[in-house]
Asks: 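Dumping the structure here so I can ask a few things about it.
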Protein chains: 2
Amino acid sequence: MDSSIKKKRVRGRLSREMIEDAAFQVIEREGLAGFSMRKLAAALGCEAMSIYHHFPSQAHLYEALVDRQISAIVIPDAGVPWRERIRIGMQEYRRVATEHPAFAPFVVVYRMNSPPCLAKLDSVIGLFEAGGFGPELSARLFRAASYYLMGAILDETAGYAKGPSAVTTVSDEQLARDFPSVMTAGAYFGRAGFDKTFELGLEMLLDEMERLRDSTNAS
Amino acid sequence: MDSSIKKKRVRGRLSREMIEDAAFQVIEREGLAGFSMRKLAAALGCEAMSIYHHFPSQAHLYEALVDRQISAIVIPDAGVPWRERIRIGMQEYRRVATEHPAFAPFVVVYRMNSPPCLAKLDSVIGLFEAGGFGPELSARLFRAASYYLMGAILDETAGYAKGPSAVTTVSDEQLARDFPSVMTAGAYFGRAGFDKTFELGLEMLLDEMERLRDSTNAS
DNA sequence: GCTTGACAACTTACACTGTAAGGTTCATTT
DNA sequence: AAATGAACCTTACAGTGTAAGTTGTCAAGC
């Protein structure tokens, strides 16, 4: 057993950071649904309840993981043109979120109320404001961009590339016969197609942002 | 107790449709995470295991619920211009998904491999093909549009409007002081702002689709 | 009317979950 | 050396999905 090896760990050496690191590992190994405090404890070589000394609940642990991920997003400074800043910001979010694919679905759905997350949120909305979008457009365009990001990351980390989750599966022959458009489109989906599709939608959104910005500033 | 009332139900009267109806109700009442086979059984006035006679597992039941929702999406027929068809199709998806808000997060993340879902998928991708987009653009634009839809629905059904999910919450005063851009943007979020933000992003995507279509067909 | 068979529903049981409550051990300070 | 308090462990409980076995009920055939 691997656990017997880990059991060598002596007392008094647990820390929030160690627990977080192990949590990311266990989540990737077992999947988000397969994760549990007991499995995490086994990976750490301790008992489940010991973790509660460092995190009051599983929810608090998850929040710490989200905070760590969100904090890792790098926003370009004000010297860069607004369009580039927003593009890089969005690519950064995707990069960070897909770093731990199994955890990504949790991150994108998470309601970010913690100070570290709010700080990042604030700086991203500030990107739009600094770009010359008014308060309303800044808010709504940020939201629309987030929507796109959420879906893209979910598809990449929890979508078809992860195999069928549906209970009833359809054979390839039946797919080709009954659902030809799905079959054809399938060639552009999956692992290889993510980057290109993501960039396509990203540029579409940026183009429209630019158009909206120019038309409102002109009038 | 309500359960005592329901207990009047006689044997041999359970059906898949009854179970699905009750499941939607229980999910809305208890939330997706709070849903369980035992609670569903209580609502039906039967024991948990009786449900397994009609659905082999909870996953099968969930799939049936998804199938029912997806099948309710109405796609405009070929007489309508492509742009209108795609717009209405997307609005339809949103309408259906938000009909059972607590279940929506499950629907949007679901990998739709069942025949009813594949059929709908096929007809939607067909919308792009019929609109004059080539196979690759049809595939990628469908995906990009789906990304946006997923995020929009998740925000509406599981986002900030549902209250803070984070464990640590920040007071309004602190929000106004430390995160002014979030504060300002907040005015456009929430229940009242969903429609307008959704429509804004939707038209942005449709505009870009039109541009892409014209430029590829011209060259 | 009685029996039989089949199926729908119930009962029990198991392995798992998060975590409350309380007991133990160990490093540090006095 | 004694005490203090943090760090960790043990036990227990109420909940989960569901496998396996049992009971109740109703319709068809005699």
Side-chain angles (χ1 to χ4, degrees), chain A residues 1 3-23 26-27 29-66 102-103 106 110 165-168, chain B residues 1 3-23 26-27 29-66 102-103 106 110 165-168:
Chain A
M1 310 287 175
S3 60
S4 60
I5 304 169
K6 308 270 183 73
K7 272 283 164 61
K8 286 201 216 133
R9 221 208 74 257
V10 286
R11 269 166 163 268
R13 317 237 146 220
L14 238 45
S15 72
R16 285 178 64 100
E17 203 186 340
M18 276 176 58
I19 295 171
E20 290 167 18
D21 289 341
V26 174
I27 288 171
R29 176 157 37 90
E30 307 284 337
L32 196 53
F35 176 83
S36 78
M37 298 303 266
R38 285 176 174 84
K39 286 177 189 166
L40 174 57
L44 284 163
C46 71
E47 294 302 313
M49 291 312 289
S50 305
I51 298 163
Y52 284 81
H53 215 275
H54 303 265
F55 295 95
S57 77
Q58 195 181 54
H60 282 83
L61 170 57
Y62 278 151
E63 186 180 271
L65 299 184
V66 174
F103 189 60
F106 187 87
Y110 197 70
S165 81
V167 174
T168 56
Chain B
M1 309 290 172
S3 59
S4 60
I5 304 169
K6 308 270 181 74
K7 274 281 166 59
K8 284 198 217 144
R9 223 206 70 256
V10 285
R11 271 166 162 269
R13 315 236 148 219
L14 240 43
S15 72
R16 284 178 64 101
E17 203 185 339
M18 275 176 58
I19 295 170
E20 290 167 18
D21 289 342
V26 174
I27 287 170
R29 176 157 37 89
E30 307 283 337
L32 195 54
F35 175 83
S36 79
M37 299 302 267
R38 285 176 174 83
K39 286 177 189 166
L40 173 57
L44 284 163
C46 72
E47 294 301 312
M49 292 310 290
S50 304
I51 298 163
Y52 284 81
H53 220 274
H54 303 265
F55 294 96
S57 75
Q58 195 182 54
H60 283 81
L61 170 58
Y62 279 151
E63 186 179 271
L65 298 185
V66 173
F103 189 59
F106 187 88
Y110 198 70
S165 82
V167 174
T168 57

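Order of the sequence lines fixes the chain letters, A, B, ..., with proteins taken first and strands second; residue numbering starts at 1 for each chain. Just the heavy atoms: all of them, side chains too, but no hydrogens, waters or symmetry mates, feed the values below.
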Asks: Run the salt bridge (Lys or Arg N to Asp or Glu O under 4.0 Å) test against B:Glu30 and tell me which residues pass, sequence neighbours left out.
Replies: B:Lys39
Asks: Determine: side-chain N/O of A:Ser50 to OP1/OP2 of D:dA7, distance under 4.0 Å, yes or no.
Replies: no
Asks: Who are the ring pair (Phe, Tyr, Trp, His ring centres under 6.0 Å) partners of A:Tyr62, not counting sequence neighbours?
Replies: A:Phe35, A:Phe106
Asks: Whether the side chain of B:Arg16 engages the backbone of B:His54 through a donor-acceptor N/O pair (distance < 3.5 Å, no angle test) should be reported.
Replies: yes
Asks: Rounded to whole angstroms, how far apart are CG on A:Leu61 and P on C:dT19?
Replies: 10 Å
Asks: Rounding to an integer number of Å, can you tell me how far A:Arg16 CZ sits from D:dA6 P?
Replies: 16 Å
Asks: Please give, in whole Å, the distance from C:dC26 P to A:Leu14 CG?
Replies: 16 Å
Asks: Using whole Å, report how far CD1 of A:Ile51 lies from C1' of D:dA6.
Replies: 17 Å
Asks: So if I take every side-chain heavy atom of A:Ala48 and compare against D:dG17, C:dT19, C:dG18, which nucleotide ends up nearest?
Replies: C:dT19
Asks: Less than 4.0 angstrom between a side-chain N/O of A:His54 and OP1 or OP2 of D:dA6, yes or no?
Replies: no
Asks: Calculate the interatomic distance between A:Glu47 atom CD and C:dG23 atom P; express it in whole Å.
Replies: 18 Å
Asks: On DNA chain D, compare the nucleotides closest to A:Met49 and A:His53; which residue's is nearer the 5' end?
Replies: A:His53
Asks: A:Leu40 CG to C:dG18 C1': how many Å, rounded?
Replies: 13 Å
Asks: Let's see if you can work this out: which of D:dC9, C:dG18, D:dT16 has an atom nearest to the side-chain heavy atoms of B:Lys39?
Replies: D:dT16
Asks: Could you state the atom-to-atom distance from CG of A:Leu44 to P of D:dC8 in whole Å?
Replies: 10 Å
Asks: Working to the nearest 0.5 angstrom, can you tell me the gap between A:Ser57 OG and A:Ile51 CD1?
Replies: 12.0 Å
Asks: In terms of side-chain heavy atoms of A:Gln58, which of C:dT19, C:dC10, D:dC9 is nearest?
Replies: C:dT19
Asks: Between A:Met37 (CE) and C:dA15 (C1'), how many Å, whole number?
Replies: 19 Å
Asks: Looking at A:Ala64, is its backbone amide N or carbonyl O close enough to the side chain of A:Glu20 to form a donor-acceptor pair, meaning the two atoms are under 3.5 Å apart?
Replies: no
Asks: Please confirm whether any donor atom in the side chain of B:Arg38 sits under 3.5 Å from an acceptor in the base of D:dG15, or the reverse.
Replies: no
